[in-house]
Novice: 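Shown below is the structure under consideration.
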Amino acid sequence: MELNNTLTHVVLSGGIGSRLWPLSRKSQPKQYLELFDGQSLFEKVVARNENISNKIIVVGNIENYKMSNKIMSKMDKNFTHIVEAIPRNTAAAIAFAAFASEWDDVLLVTPSDHVIEGSTMYDTALKQAIVLANQNFLVTFGVKPTKAETGYGYIEFDNENVIAFHEKPNLETATSYLDKGNYFWNSGLFCFKSGAFLAELEKQEPEVYTAAKLAWEANKNGFLDYELSLRIPSISVDFAVMERSTNIKVVPTHFEWSDLGSFESVYDYLVLKGHPTDISGNIVIGTAIHTSFVGLKNCLLIHTDDALLILKKENSQEVKQVYQQLELLESPLL
């Protein structure tokens, strides 16, 4: 893909992935787990975008930046790291990357924990997004849903125009979205000029803009100050900017996408890639010990050195409750 100006790939790597406990921990979040074709999701997202970007910025936090640096060193990639002293959500994380860039640089912002299949359709979507970004629009990517998913937000659209953003629906509403055909999953992928984003952030959330700017200006080799960071309101880029701006465009896409944010999506991905199942569709992750499931269908057994989790695939969203209970107990298992 030919670039008319600088395209910077901004990798957001601050998440924990609590719905994938006990595999995903604070000490090793899901984006660093080498579960996916022998690679981590972080490695896959960097490789996916290496041929279309001139620069890479990795925005992480004090707890995980060494894991990011290790992968980038392994891949022999030059990059700029921005290390948050404390997580302040995605509006601030993207603002830091924008402050670290030139005003007219186009930023392709991607989470580090998603999987995408279909390189041709992906490249086509990126080209369309870059054209719109160069017209000073803030671009989000909608992904065509494959099922009535209740774990994702949705974008209602007409061609490239956003009609509305919708929060995670119940099953009945998600089914109606699927039937209507112009409701796509909100992917969390964005493309815009750094200056256009910062101008909109300052307009919509001046407190976030000002506090993030002060924290960035005081950075030391990419490391942000804790006290200054605490002053930044914690708010997502969707709530802060994308759902409130009148300068938004959407690129409806048809590549295969998953945030692998639950064991249901991990199950579907691994089975698609040939992970062994028994005759009732049950799978085991993390151990070679012989395991038999009796009277159970489509279940997962997840084994680590210090924890065991057994669940039905369709109950995957409830794993977050287990994580929250362990947090209340201040458990060392996190």
Side-chain angles (χ1 to χ4, degrees), residues 10-21 24-27 29-32 42 57-65 67-68 81-101 107 109-114 138 140 151-153 165-168 186-190 192 194 196-220 222-245 248 259 261-262 317 320-321 323-328 330 334:
V10 178
V11 185
L12 304 180
S13 66
I16 295 172
S18 57
R19 288 177 294 168
L20 293 188
W21 182 90
S24 185
R25 313 279 184 106
K26 290 180 180 179
S27 59
K30 68 171 181 175
Q31 59 267 34
Y32 304 108
F42 185 101
I57 296 175
V58 178
V59 186
N61 59 50
I62 198 69
E63 294 181 331
N64 69 16
Y65 81 94
M67 287 179 268
S68 299
H81 74 181
I82 296 173
V83 183
E84 296 179 294
I86 183 172
R88 304 315 288 159
N89 218 313
T90 51
I94 296 171
F96 297 140
F99 285 128
S101 304
L107 309 182
V109 181
T110 73
S112 61
D113 56 1
H114 293 185
L138 308 182
T140 185
Y152 299 151
F165 289 87
H166 300 274
E167 296 306 307
K168 297 174 182 178
N186 189 352
S187 69
L189 302 168
F190 307 102
F192 35 65
S194 60
F197 174 77
L198 289 174
E200 196 67 32
L201 179 64
E202 185 176 22
K203 176 182 176 182
Q204 302 295 346
E205 285 287 342
E207 188 178 352
V208 175
Y209 173 88
T210 301
K213 188 170 188 288
L214 288 172
W216 172 250
E217 288 173 345
N219 87 85
K220 295 181 180 179
F223 288 80
L224 302 177
D225 180 78
Y226 180 81
E227 295 298 331
L228 290 174
S229 297
L230 275 179
R231 301 176 190 174
I232 305 170
S234 179
I235 183 170
S236 74
V237 66
D238 287 313
F239 286 129
V241 174
M242 305 305 289
E243 296 181 10
R244 295 158 66 184
S245 173
I248 304 295
D259 73 344
S262 70
Q317 297 293 338
K320 191 166 187 175
Q321 297 170 18
Y323 188 92
Q324 290 168 341
Q325 291 167 1
L326 292 171
E327 274 189 316
L328 290 174
E330 298 182 351
L334 300 180

Novice: Where is the tightest heavy-atom contact between Ala85 and Ile62, given as atom of each residue plus distance?
Specialist: O-CG2, 4.0 Å

Novice: How many angstroms lie between CG in Asn61 and CG in Leu12, if you round to the nearest 0.5 Å?
Specialist: 11.5 Å

Novice: Is there a side-chain contact between Glu243 and Glu167 (heavy atoms, below 4.5 Å)?
Specialist: yes

Novice: Testing the basics here: between Asp113 and Gln31, what is the closest heavy-atom pair and its distance to 0.1 Å?
Specialist: CB-CB, 3.9 Å

Novice: First locate atom CD1 of Ile94, then atom CD1 of Ile82, and finally report the distance between them rounded to the nearest 0.5 Å.
Specialist: 11.0 Å

Novice: Show your working on side chain to side chain contact (heavy atoms under 4.5 Å, CB included) between Asp238 and Phe190 and close with a plain yes or no.
Specialist: CA-CA 10 Å; Asp238 287 313; Phe190 307 102; 3.8 Å; yes

Novice: Grab the two heavy atoms, one from Leu189 and one from Pro111, that are nearest each other, plus how far apart they are.
Specialist: CD2-CD, 3.8 Å

Novice: Looking only at heavy atoms, which two atoms of Glu63 and Met67 are closest? And how far apart?
Specialist: O-CE, 3.8 Å

Novice: Treating Glu200 as the side-chain partner and Val241 as the backbone partner, does any N or O pair qualify as donor plus acceptor under 3.5 Å?
Specialist: no

Novice: Has Thr90 got a side-chain atom pairing as donor or acceptor with Val237's backbone, closer than 3.5 angstrom?
Specialist: yes

Novice: So does Pro206 get a backbone contact from the side chain of Thr210, meaning a donor-acceptor N/O pair under 3.5 Å?
Specialist: yes

Novice: Is a side-chain N or O of Arg19 found less than 3.5 angstrom from the main chain of Gly261, in a donor-acceptor match?
Specialist: yes

Novice: Students often mix this up, so state it plainly: with edges at 30° and 60°, are the rings of Tyr65 and Phe223 parallel, tilted or perpendicular?
Specialist: perpendicular

Novice: Would you say Phe96 and Leu224 make side-chain contact, with heavy atoms under 4.5 Å?
Specialist: yes

Novice: Could you give the distance from CG (Leu230) to CD1 (Ile86), rounded to the nearest 0.5 Å?
Specialist: 5.0 Å

Novice: Hey, could you give me the CG/CD distance between Asn219 and Glu84, rounded to the nearest 0.5 Å?
Specialist: 12.0 Å

Novice: Show your reasoning for whether side chain to side chain contact (heavy atoms under 4.5 Å, CB included) applies to Tyr323 and Leu334.
Specialist: CA-CA 8 Å; Tyr323 188 92; Leu334 300 180; 3.4 Å; yes

Novice: So Phe99 and Tyr209, ring pair (Phe, Tyr, Trp, His ring centres under 6.0 Å) or not? Walk me through it.
Specialist: CA-CA 10 Å; Phe99 285 128; Tyr209 173 88; 5.6 Å; yes

Novice: Using atom types as modelled and distance alone, determine if a side-chain donor or acceptor of Thr110 lies under 3.5 Å from a backbone N or O of Val11.
Specialist: no

Novice: Might you point out which heavy atoms bring Ser236 and Asn89 nearest each other, and give the distance in Å?
Specialist: CA-OD1, 3.3 Å

Novice: Got a second to check how far Glu327's CD is from Lys320's NZ, nearest 0.5 Å?
Specialist: 9.0 Å

Novice: Step by step, work out the side chain to side chain contact (heavy atoms under 4.5 Å, CB included) result for Arg244 and Glu205.
Specialist: CA-CA 10 Å; Arg244 295 158 66 184; Glu205 285 287 342; 2.7 Å; yes

Novice: Would you kindly say whether Tyr32 and Ser68 are connected by a side-chain donor-acceptor distance under 3.5 Å?
Specialist: yes

Novice: How many angstroms lie between OH in Tyr152 and OG in Ser262, if you round to the nearest 0.5 Å?
Specialist: 6.5 Å

Novice: Evaluate side chain to side chain contact (heavy atoms under 4.5 Å, CB included) for Phe165 paired with Asn186, printing each intermediate quantity in order.
Specialist: CA-CA 8 Å; Phe165 289 87; Asn186 189 352; 3.8 Å; yes

Novice: Compare every heavy atom of Asn64 with every heavy atom of Gly14, then report the nearest pair and how far apart it is.
Specialist: CA-ND2, 3.9 Å

